[in-house]
Student: 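Shown below is the structure under consideration.
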Amino acid sequence: MTYRNPAPTVDIIIELIDRPGRPIVLIERQNPPLGWALPGGFVDYGESVETAAVREALEETSLSVELIEQFYVYSDPDRDPRQHTLSVVFIASAIGEPKAADDAKHLQLFEIWQLPQQLCFDHDRILKDYCYYRRYGQRPRI
């Protein structure tokens, strides 16, 4: 019997703590699906999700991040149009000047109340949940 399992991924909400308002970093994807997204990607075989999050943040934003907390796991089978994935989302902090790299065509800093309209995957839901968490201190409910 062949098993089909979702692919594990990570997404990182990077707060730049050395900037007023603690803006977050979003990348503009170079590969389909196109649009704005949280930095992140697939977990490599033999790699922990924490290690993958730190690696992906560095690869896509050139920032060394400190993981602050695991925020939530998103696993809707339709969250990624390419295949069934689940994402462990982390909140991280960083200081410095981010630079787009790897498969990020461009990056930009955003205040959480002024996010772009065209977000990839389910990142609009993730960021809505994050904004609610930052405002009211409540995580998403199962």
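Owing to the predicted nature of the structure, the values given are computational and were not obtained by experimental measurement.
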Student: So, does Thr61 use its side chain to make a donor-acceptor pair with the main chain of Lys99 at under 3.5 Å?
Tutor: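 Not confirmed, Thr61 side chain does not pair with Lys99 backbone.
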Student: Other residues, nucleotides and ligands only: do more than 12 of their heavy atoms fall within 6.0 Å of CD on Gln70?
Tutor: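 Enclosed: over 12 neighbouring heavy atoms sit under 6.0 Å from CD of Gln70.
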Student: Just how far is it from atom NZ of Lys105 to atom CD1 of Ile27, taken to the nearest 0.5 Å?
Tutor: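 One gets 11.5 Å once the value is rounded to the nearest 0.5 Å.
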Student: Give me the atom names and distance for the closest heavy-atom approach of Cys120 to Arg29.
Tutor: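 Answer, listing the atom of Cys120 first, then Arg29: SG-CD, 3.7 Å.
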Student: Nearest 0.5 Å, please: how far is CZ in Arg55 from CZ in Phe42?
Tutor: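 Output value for this atom pair is 11.0 Å.
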Student: Test your reading of the model: is there a side-chain donor-acceptor pair from Asp102 to the backbone of Ala104, 3.5 Å cut-off?
Tutor: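 Not a single qualifying donor-acceptor pair exists.
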Student: Donor-acceptor check, side chain of Arg19 to backbone of Gly96, threshold 3.5 angstrom: yes or no?
Tutor: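 Such a contact is found between Arg19 side chain and Gly96 backbone.
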Student: More than 12 foreign heavy atoms under 6.0 Å from CZ of Arg82: is that the case here?
Tutor: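 Correct, the count exceeds 12.
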Student: Could you walk me through whether Ile24 and Leu109 pass the side-chain contact (heavy atoms from CB on, under 4.5 Å) test, one step at a time?
Tutor: CA-CA 6 Å; Ile24 62 170; Leu109 305 182; over 6 Å; no
Student: Do Trp36 and Phe110 come close enough that some side-chain heavy atom pair is under 4.5 Å?
Tutor: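 They are in contact (side-chain heavy atoms under 4.5 Å apart), so the answer is yes.
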Student: How far apart are the C-alpha atoms of Glu56 and Phe90, what are their side-chain angles, what is the distance that settles it, and do they pass the side-chain contact (heavy atoms from CB on, under 4.5 Å) test?
Tutor: CA-CA 12 Å; Glu56 286 288 348; Phe90 291 93; over 6 Å; no
Student: Under a 4.5 Å cut-off applied to non-hydrogen side-chain atoms, are Val43 and Val10 in contact?
Tutor: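 Side-chain contact under 4.5 Å: yes.
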Student: Determine the sole option in Leu58, Val54, Ile91 for which the side chain to side chain contact (heavy atoms under 4.5 Å, CB included) test with Val65 is passed.
Tutor: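 Going through the options one by one, the only one that passes is Val54.
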Student: State whether the side chain of His123 and the backbone N or O of Ala37 hold a donor-acceptor pair below 3.5 Å, judged by distance alone.
Tutor: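 No, His123 side chain to Ala37 backbone: no donor-acceptor pair under 3.5 Å.
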Student: Determine, for Arg125 against Asp76, whether the closest basic-nitrogen to carboxylate-oxygen distance falls under 4.0 angstrom.
Tutor: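 Between Asp76 and Arg125 there is no salt bridge, as every charged N stays at least 4.0 Å from the carboxylate O atoms.
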Student: Does Tyr132 offer a backbone N or O that forms a donor-acceptor pair with the side chain of Gln138 under 3.5 Å?
Tutor: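 No, Gln138 side chain to Tyr132 backbone: no donor-acceptor pair under 3.5 Å.
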Student: Report yes or no: do Ile13 and Trp113 belong to one cluster of Ile/Leu/Val/Met/Phe/Trp/Tyr joined by side chain heavy-atom distances under 4.5 Å?
Tutor: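 Ile13 clusters together with Trp113.
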Student: Please report the C-alpha distance between Asp124 and Leu115 in whole Å, then the side-chain angles of each, then the deciding distance to 0.1 Å, and finally whether the side-chain contact (heavy atoms from CB on, under 4.5 Å) criterion is met.
Tutor: CA-CA 9 Å; Asp124 57 341; Leu115 297 170; over 6 Å; no
Student: Do the side-chain N and O atoms of Asp11 and Tyr74 include a donor-acceptor pair separated by under 3.5 angstrom?
Tutor: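 Side chains of Asp11 and Tyr74: no pair found under 3.5 Å.
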Student: Supply the atom-to-atom distance Ile95 CD1 to Leu16 CG, rounded to the nearest 0.5 angstrom.
Tutor: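 Those atoms lie 9.5 Å apart.
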Student: When rounded to the nearest 0.5 angstrom, what distance separates CZ in Arg135 from CD1 in Ile112?
Tutor: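 So the CZ of Arg135 and the CD1 of Ile112 are separated by 9.0 Å.
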Student: Can you confirm whether more than 12 heavy atoms, excluding those of Gln118, are under 6.0 Å from its CD atom?
Tutor: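 No, CD of Gln118 has 12 or fewer neighbouring heavy atoms, counting only those of other groups under 6.0 Å.
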Student: For Glu111 versus Gly21, what's the shortest heavy-atom pair and its separation?
Tutor: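 Between these two residues, the closest heavy atoms are OE1-O, 3.6 Å.
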Student: Can you confirm whether Pro33 sits close enough to Phe121 that some side-chain heavy atom of one is under 4.5 Å from a side-chain heavy atom of the other?
Tutor: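 In contact.
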Student: Identify which one of Thr85, Leu86, Asp122, Thr9 satisfies the side chain to side chain contact (heavy atoms under 4.5 Å, CB included) criterion when paired with Asp80.
Tutor: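 When Thr85, Leu86, Asp122, Thr9 are each tested with Asp80, the side chain to side chain contact (heavy atoms under 4.5 Å, CB included) holds only for Thr85.
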Student: Between Tyr130 and Glu15, is there a side-chain heavy-atom distance shorter than 4.5 Å?
Tutor: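 Yes, close enough: below the 4.5 Å cut-off.
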Student: Tell me if a side-chain donor or acceptor on Arg139 pairs with a main-chain N or O of Phe71 at a distance below 3.5 Å.
Tutor: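 Confirmed, Arg139 side chain pairs with Phe71 backbone.
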Student: Got Leu119 and Ile126 here, is their nearest side-chain heavy-atom distance under 4.5 Å?
Tutor: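 With C-beta onward as the side chain, the pair stays apart.
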Student: Can you measure from NE2 (His84) to CZ (Arg79) and round to the nearest 0.5 angstrom?
Tutor: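 Atom-to-atom, His84:NE2 and Arg79:CZ are 9.0 Å apart.
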Student: Quick check: are there more than 12 heavy atoms from other residues, nucleotides or ligands sitting under 6.0 Å from CD of Gln117?
Tutor: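 12 or below, so no.
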Student: Does a side-chain heavy-atom distance below 4.5 Å link Leu38 with Leu26?
Tutor: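 Yes, side chains in contact.
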Student: Between Ala53 and Ile12, what is the shortest heavy-atom contact and its length?
Tutor: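 Looking at all heavy atoms of both residues, the closest pair is O-CD1, 3.5 Å.
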Student: Do the side chains of Pro39 and Glu59 get nearer than 4.5 Å, heavy atoms only?
Tutor: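 No - every pair of side-chain heavy atoms lies 4.5 Å or more apart.
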Student: Do other residues, nucleotides or ligands put more than 12 heavy atoms under 6.0 Å from Ile17 CD1?
Tutor: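 It does: Ile17 CD1 has more than 12 such atoms within range.
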Student: Hey, could you give me the OG1/CG distance between Thr51 and Leu67, rounded to the nearest 0.5 Å?
Tutor: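 Taking OG1 in Thr51 and CG in Leu67, the distance rounds to 9.0 Å.
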